[in-house]
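The structure appears right after this line, and notes come after that.
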Amino acid sequence: MSAVLVKLKQVSPTELSSEKLREVLLGSLFPILGLAIFLSLWHVGAQQINTSLGTFPGPIEVAEQWSNLVDEHQQEGQRERAFYERQEERNAAILQENPDAEVRWREFRSRPTFFDQIATSLWTVLSGFFLATLIAIPLGIVIGLNKHTYSAINPIIQIFKPVSPLAWLPLVTLVVSALYATEDPMFSRSFLVSMITVTLCSLWPTLINTSVGVSSVNQDLKNVSKVLRLGWLTYVIKVVIPSAIPMMFTGLRLSLGIAWMVLIAAEMLAQNPGLGKFVWDEFQNGSSSSLGRICVAVLVIGLIGFLLDRGMLLIQRWVNWDKSAITR
């Protein structure tokens with residue numbers, strides 16, 4: 001032990017910094033290399049595929065369509081600003097002639113752009129995931145603590161867990177249409193249909209992993225809680241939840257990934273606003289740019305899914321009591 005300490009003391013800060021730099025360079029090199037190989041294979045392979053809409057788009061064509069989508073979004077924003085400026089000028093002129101005149105303010109009815117569709121999908125998936133989490137974690141804790149409750153609920157879980165979102169969607173649509181009939185709705189029906197479908201399909205991984213994590217609490221911790229005579233709620237907060245966090249977040253990350261996939265499928269099938277509808281509309285459009293735009297949407301869907309998973313991983317590292325645990 002003393003020999004190791006002496007060796008560590010002999011390492012200079014310069015050597016430590018160079019070693020850190022080497023790790024950073026190697027950590028960046030392989031992802032860049034993997035992306036370069038992927039883009040090269042994509043570029044070569046795309047030229048060999050001829051579809052009814054033309055040659056399959058390569059990275060350059062997809063980058064051009066991304067630029068076009070950005071330009072369209074900016075142009076729509078300029079149209080909106082110009083609309084309100086003209087409206088303000090017109091109303092100001094009316095009030096100048098007659099201060100008592102009634103002026104009307106109209107809402108700008110813009111066509112949803114690609115980035116508007118992204119925002120819609122993100123809001124829907126996070127709402128559905130949050131609702132699924134509110135249901136799955138408390139229920140998972142309850143069934144993980146009591147084997148009889150688990151035996152009663154497990155058959156229901158196993159029956160509904162494999163059900164496809166395509167099967168849930170028509171049922172949810174009919175139920176929402178029947179129960180959510182109001183002239184001044186707080187949320188649109190399309191939003192509720194997509195959100196509830198996401199919730200029904202994504203709560204199972206969190207529910208199952210939470211129950212497994214709760215039931216796997218170390219026996220020594222259980223014995224200590226009995227010695228200390230901890231109340232049920234204190235036992236859950238101080239012992240059960242910290243011990244189950246790794247399994248719980250494994251379920252949450254799986255649920256979030258499933259929620260994102262389910263949402264895109266639901267939007268395509270039900271033609272609800274979002275990225276799924278954008279992909280379907282471009283497919284139906286059949287223009288020369290449609291393939292490139294669909295590829296942009298696919299890449300953005302994948303990137304958003306990756307960022308959502310990384311965000312959940314950061315939250316896990318923040319709340320996890322064991323900061324030395326390896327999380328990926």
Side-chain angles (χ1 to χ4, degrees), residues 39 42 46 49 51-81 83 107-130 164-166 168-170 172-173 176 187-202 256-309 311:
L39 291 174
W42 179 12
I49 303 175
T51 70
S52 59
L53 299 179
T55 306
F56 193 86
I60 298 175
E61 292 79 10
V62 171
E64 290 175 354
Q65 291 304 321
W66 166 263
S67 179
N68 292 338
L69 290 170
V70 172
D71 292 340
E72 289 177 7
H73 181 72
Q74 293 174 344
Q75 291 170 5
E76 197 67 20
Q78 291 172 358
R79 287 183 59 229
E80 182 177 3
R81 288 190 295 271
F83 173 83
E107 291 290 332
F108 178 72
R109 297 183 179 275
S110 63
R111 179 178 60 86
T113 66
F114 177 67
F115 295 95
D116 295 329
Q117 305 279 37
I118 292 176
T120 299
S121 291
L122 280 174
W123 166 244
T124 306
V125 76
L126 292 177
S127 299
F129 172 71
F130 182 70
S164 166
L166 304 184
W168 280 118
L169 194 58
V172 173
T173 302
V176 170
F187 303 105
S188 66
R189 289 183 184 177
S190 61
F191 167 77
L192 289 177
V193 168
S194 296
M195 185 195 72
I196 294 172
T197 304
V198 166
T199 299
L200 289 172
C201 294
S202 66
L256 188 54
I258 290 173
W260 187 235
M261 289 189 293
V262 165
L263 176 66
I264 302 302
E267 289 173 345
M268 291 183 69
L269 184 64
Q271 287 294 283
N272 292 336
L275 279 172
K277 186 176 186 302
F278 174 86
V279 171
W280 184 255
D281 287 345
E282 289 296 335
F283 175 72
Q284 293 293 320
N285 184 24
S287 67
S288 58
S289 62
S290 293
L291 273 178
R293 288 171 177 249
I294 292 173
C295 288
V296 170
V298 168
L299 292 175
V300 168
I301 289 168
L303 179 60
I304 291 175
F306 170 75
L307 293 177
L308 289 173
D309 181 76

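Quick note: numbers below take in every heavy atom, side chains included, and nothing from hydrogens, waters or symmetry partners.
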With distance as the sole test, does Thr199 use its side chain to make a donor-acceptor pair with the main-chain N or O of Gly128 at under 3.5 Å?
yes
Leu263 CG to Met268 CE distance, which is reported to the nearest 0.5 Å:
12.0 Å
Would you say Leu122 and Ile304 make side-chain contact, with heavy atoms under 4.5 Å?
yes
What one should report as the nearest heavy-atom pair of Trp42 and Pro57 is NE1-O, 3.1 Å
Pro112 versus Pro273: any side-chain heavy-atom pair under 4.5 Å?
no
Can you tell if the side chain of Asn272 reaches within under 4.5 Å of the side chain of Phe191, non-hydrogen atoms only?
no
Write out all pairs satisfying salt bridge (Lys or Arg N to Asp or Glu O under 4.0 Å) with one or both partners inside residues 108-129, taking only residues at least two apart or from two chains.
none
Within the supplied structure, the quantity of interest is the number of heavy atoms (other residues, nucleotides, ligands) at a distance under 6.0 Å from Glu107 CD; does it exceed 12?
no
Going from CZ on Arg79 to CD on Glu76, what distance comes out if it is rounded to the nearest 0.5 angstrom?
4.5 Å
Just by distance, do the side chain of Ser121 and the backbone of Leu275 share a donor-acceptor pair under 3.5 Å?
yes
If you look at every heavy atom in Thr55 and Ala46, which pair is closest and at what distance?
CG2-O, 3.4 Å
I'd like to know whether Asp309 forms a side chain to side chain contact (heavy atoms under 4.5 Å, CB included) with Leu256, so could you lay out the CA-CA distance, the side-chain angles of the two residues, the decisive distance to 0.1 Å, and finally the verdict.
CA-CA 7 Å; Asp309 181 76; Leu256 188 54; over 6 Å; no
Should Ile264 and Val279 count as side-chain neighbours, where that means a heavy-atom distance under 4.5 Å?
no
Heavy-atom closest pair (Ser194 atom, Glu267 atom, distance to 0.1 Å) is OG-CG, 4.4 Å
Tell me, do Leu126 and Leu308 make a side-chain contact under 4.5 Å, heavy atoms counted?
yes
Considering only heavy atoms from C-beta outward, does the side chain of Phe115 approach that of Val70 to under 4.5 Å?
yes
Identify the two heavy atoms, one from Ala266 and one from Leu169, that lie closest to each other, and give their separation to 0.1 Å.
O-CD2, 3.8 Å
Euclidean distance, Glu61 CD relative to Ser289 OG, rounded to 0.5 Å:
12.0 Å
The reported gap from CH2 in Trp280 to CG in Asn285 (rounded to nearest 0.5 angstrom) is 13.0 Å
Which atom pair, heavy atoms only, marks the closest approach of Val296 to Leu69?
CG1-CD1, 3.8 Å
Take atom CD1 in Ile60; do more than 12 heavy atoms of anything else shown fall under 6.0 Å from it?
no
When rounded to the nearest 0.5 Å, the distance separating NZ of Lys277 from CD of Gln284 is 10.5 Å
Which atoms form the tightest heavy-atom contact between Leu39 and Pro59, and what is the distance?
O-CG, 3.8 Å
Please step through side chain to side chain contact (heavy atoms under 4.5 Å, CB included) for the pair Ile301 and Trp260, ending with a clear verdict.
CA-CA 8 Å; Ile301 289 168; Trp260 187 235; 3.4 Å; yes
When rounded to the nearest 0.5 Å, the distance separating OG of Ser290 from CG of Asp281 is 10.0 Å
Aromatic ring pairing Trp66/Phe114, orientation class (parallel under 30°, perpendicular over 60°, tilted between):
perpendicular
According to side chain to side chain donor-acceptor pair (under 3.5 Å), who are the partners of Glu72, at least two apart in sequence or on a separate chain?
Arg293
Is there a side-chain contact between Trp168 and Cys201, using heavy atoms and a 4.5 Å cut-off?
yes
